[in-house]
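Down below is the structure, laid out as structure tokens.
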Amino acid sequence: MIKLFDTAISDTVPMVFSPDETIGMYVCGATVYGPPHVGHGRFALVYDILWRYLEYSGYKVIFASNVTDIDDKIIDRANREGRSWRSLAAESEEQWWRNMELLNVRKPHHTPHATDYIDQMIESIVKLEEKGYAYRLDDGVYMEVGRLSSYGLLAHQNLDTLRSGARVSVDQSKHSPLDFALWKAAKPGEPTWGSPFGAGRPGWHTECVVMASSLLGDDFVLHGGGLDLCFPHHENERAQAQALSINFARHWIHNGLVEVGGQKMSKSLGNYITLEEMFHEHNPSAYRLLVLQSSYRSPIEVTADLMNDAEKALERINALSRRLDDIQNSTSYDDLQLSEAMSGIDIDEKRHNFVNMMDDDFNTSSATALLFTSLRQANTLLDHHDVVSGYRLGKFVVEAFIMLGIGNLASTEAIDPKALAIVEARDAARLSRDFAKADELKSQIELLGYRVEDSTDGTKLRKIN
RNA sequence: GGCGGCGUGGCCGAGUGGCUUAGGCAAGGGCCUGCAAAGCCCUGUACCCCAGUUCGAUUCUGGGCGCCGCCUCCA
């Protein structure tokens, strides 16, 4: 049984779904108007890990995450740069997927674009009008929040307290400052679509409700997003769904934000690092490991120091992976398959514990701790020549990390033949105990970008990053 | 002002009413090595402050201090 922290309930609850049910999962995705930053990378990683784990647990998942390709910010920036909003959105989206690929974030089954769902959104707004939940003003169609019984569930406040905290609305004609735009009337120079309420474009909240329910149905399991979307965005999605009498998400989950010096990383604050900037200095897999080592709900800092630490930890996984590959490529591998393990290490029990940790609100921090402990044990076993036990335990560790998306463990890059030639010369020098020459040759190899590792089964080279 | 959350050893970060030395990184000492690298072993430094509940609290309750998020677009 998987338990998760449900924002609507403010508690950890069993995830509700039947075992043969396909788990519908919707996460608010990117608004494509610029390069994605480290904060965007985190939410993408969090839900990618969650998705991978649900599948590992044997469940069928259908995952949808939207691409908001029409929005104030896209229009503003396109206008500023004197280009079309379509080309800006298309280019930014391409950049988004490129970055996701580097993070080893799998593309969701569905990546709906807001502009492809305008008709359905209009239908949805018409229904809301018919039911009396919407009203028209000069600048658009608004949702009458006061008519809903459970508005404020995700914000954990009622309408009155929310209303008293609301800043004075620019638009005084709204019935309540909390009422939000379902449809924004056309302004000069903006892209528009025709509708029964005049030319304009849909509001952000409308997009997600319509796309989520058309792709996943009226009753799906999980709705996720960044903690900063909890209110008002998710609240307003829920409001519309409720007004339309659809069940919508059974569970709401929110990931913690990335902070910089204790403050939220955001485009508006300008304190962000783009993913591309990060990848320039660090291994993208190290970022995933950093995310895995903390709780998905906590805020995290992502500094160069922490990334360096994560890279070192990642290197330990890589080293074990290489060690296992060497065993697999060795001549005695077939015999090894048939041999009995000497130690009494119970891998099934470890897997069981791993699963229990992950089932407990996706406790990746404890789960990776278990993997690192096992990693050390595997190395110890291999050091002590219990190859069978060590290999099997090591395999468990590496496969679990791969399942969590820590990929690219084995370098497939061919080694520079020049370096290989020097290695041969160095081996000869070592054999004749000419260590001065051997050391000289070693530094030549290092200049070519490789680290030398002597071992009982030959000299190995490893690329220095 | 309202609501939600957080404060763990040098740094990051799980967790628990009474031995988890959680884990990662860093530091010190060793083993291995021609020297290294990789790996392994050992070691130290904790639970914001003050009360209370309890035989016992880092973990529960109350108060304080500090920090963060949301209440406006934001992953």
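What you are looking at is a predicted structure, and each value in this text was computed from that prediction instead of being measured.
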Does [N] pair with anything, Watson-Crick or G-U wobble, both distances under 3.5 Å, and if so, with which nucleotide?
N: B:C35; answer: none
N: B:C73; answer: none
N: B:U59; answer: none
N: B:A27; answer: B:U43
N: B:C67; answer: B:G5

Any base atoms under 4.0 Å from [X], or only sugar-phosphate, or nothing? Heavy atoms, all strands.
X: A:Q293; answer: sugar-phosphate
X: A:G225; answer: sugar-phosphate
X: A:G29; answer: sugar-phosphate
X: A:M357; answer: nothing
X: A:E301; answer: nothing
X: A:S10; answer: nothing
X: A:L382; answer: nothing
X: A:V258; answer: base

Length of the line joining [X]:[atom1] and [N]:[atom2], which is rounded to integer Å:
X: A:L269; N: B:U72; atom1: CG; atom2: P; value: 16 Å
X: A:M265; N: B:C73; atom1: CE; atom2: C1'; value: 18 Å
X: A:Y151; N: B:C3; atom1: OH; atom2: C1'; value: 14 Å
X: A:N353; N: B:A22; atom1: CG; atom2: C1'; value: 13 Å
X: A:N255; N: B:G4; atom1: CG; atom2: P; value: 21 Å
X: A:I273; N: B:A75; atom1: CD1; atom2: P; value: 17 Å
X: A:H234; N: B:C3; atom1: NE2; atom2: P; value: 23 Å
X: A:N236; N: B:U72; atom1: CG; atom2: P; value: 10 Å

[atom1] spacing across the pair [N] / [M], given as an integer number of angstrom:
N: B:U58; M: B:U16; atom1: C1'; result: 9 Å
N: B:U43; M: B:A26; atom1: C1'; result: 14 Å
N: B:A27; M: B:U59; atom1: P; result: 33 Å
N: B:C41; M: B:U53; atom1: C1'; result: 44 Å
N: B:G62; M: B:C25; atom1: P; result: 39 Å
N: B:U8; M: B:U54; atom1: P; result: 29 Å
N: B:C65; M: B:G23; atom1: C1'; result: 31 Å
N: B:G28; M: B:U20; atom1: C1'; result: 24 Å

ask   = Relative to the 5' end of RNA chain B, which residue comes earlier, A:F43 or A:S164, by the nucleotide with the nearest heavy atom?
value =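 Mapping each residue to its closest nucleotide by heavy atoms, the 5'-most match is A:S164.
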key: Pairwise 5' ranking along RNA chain B for A:A310 and A:S295, keeping only the more 5' one   =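 This one resolves to A:S295.
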Ring-plane angle category for [X] and [Y], please: parallel below 30°, perpendicular beyond 60°, tilted otherwise.
X: A:Y151; Y: A:F231; result: perpendicular
X: A:H205; Y: A:H233; result: tilted
X: A:F220; Y: A:F248; result: perpendicular

Candidates A:N66, A:V67, A:V32 - the one meeting side chain to side chain contact (heavy atoms under 4.5 Å, CB included) with A:H113 =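 The passing option is A:V67.
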task = Give a yes/no answer on whether the side chain of A:K264 brings an N or O atom under 4.0 Å of OP1 or OP2 in B:A75.
result =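 Answer is no, no contact under 4.0 Å.
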ask   = Closer than 4.0 Å, any side-chain N/O of A:H156 to the OP1 or OP2 of B:C3?
value =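 Negative; the distance criterion is not met.
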query = Taking the side chain of A:L229 as its heavy atoms from C-beta onward, which of B:A14, B:G23, B:A75 lies nearest to it?
reply =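 Nearest nucleotide to the side chain: B:A75.
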ask   = Just wondering, are more than 12 heavy atoms of other shown residues or ligands nearer than 6.0 Å to NZ in A:K460?
value =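 Buried by this count: over 12 neighbours within 6.0 Å.
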task = For the residue pair A:L289 and A:F401, establish whether any side-chain heavy-atom pair is separated by less than 4.5 Å.
result = yes
request  = At under 4.0 Å between heavy atoms, which parts of nucleotides 30-42 of chain B does protein reach? Answer with one letter per nucleotide, 5' to 3': B base, S sugar-phosphate only, - none.
outcome  = ----BBBBSSSS-
From [X] atom [atom1] to [Y] atom [atom2], the distance as rounded to the nearest 0.5 Å:
X: A:H40; Y: A:K267; atom1: NE2; atom2: NZ; value: 5.0 Å
X: A:D309; Y: A:T303; atom1: CG; atom2: OG1; value: 7.5 Å
X: A:L162; Y: A:L178; atom1: CG; atom2: CG; value: 5.5 Å

ask   = Is the distance between the ring centroids of A:H223 and A:Y26 less than 6.0 Å?
value =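 Between A:H223 and A:Y26, the centre distance is under 6.0 Å.
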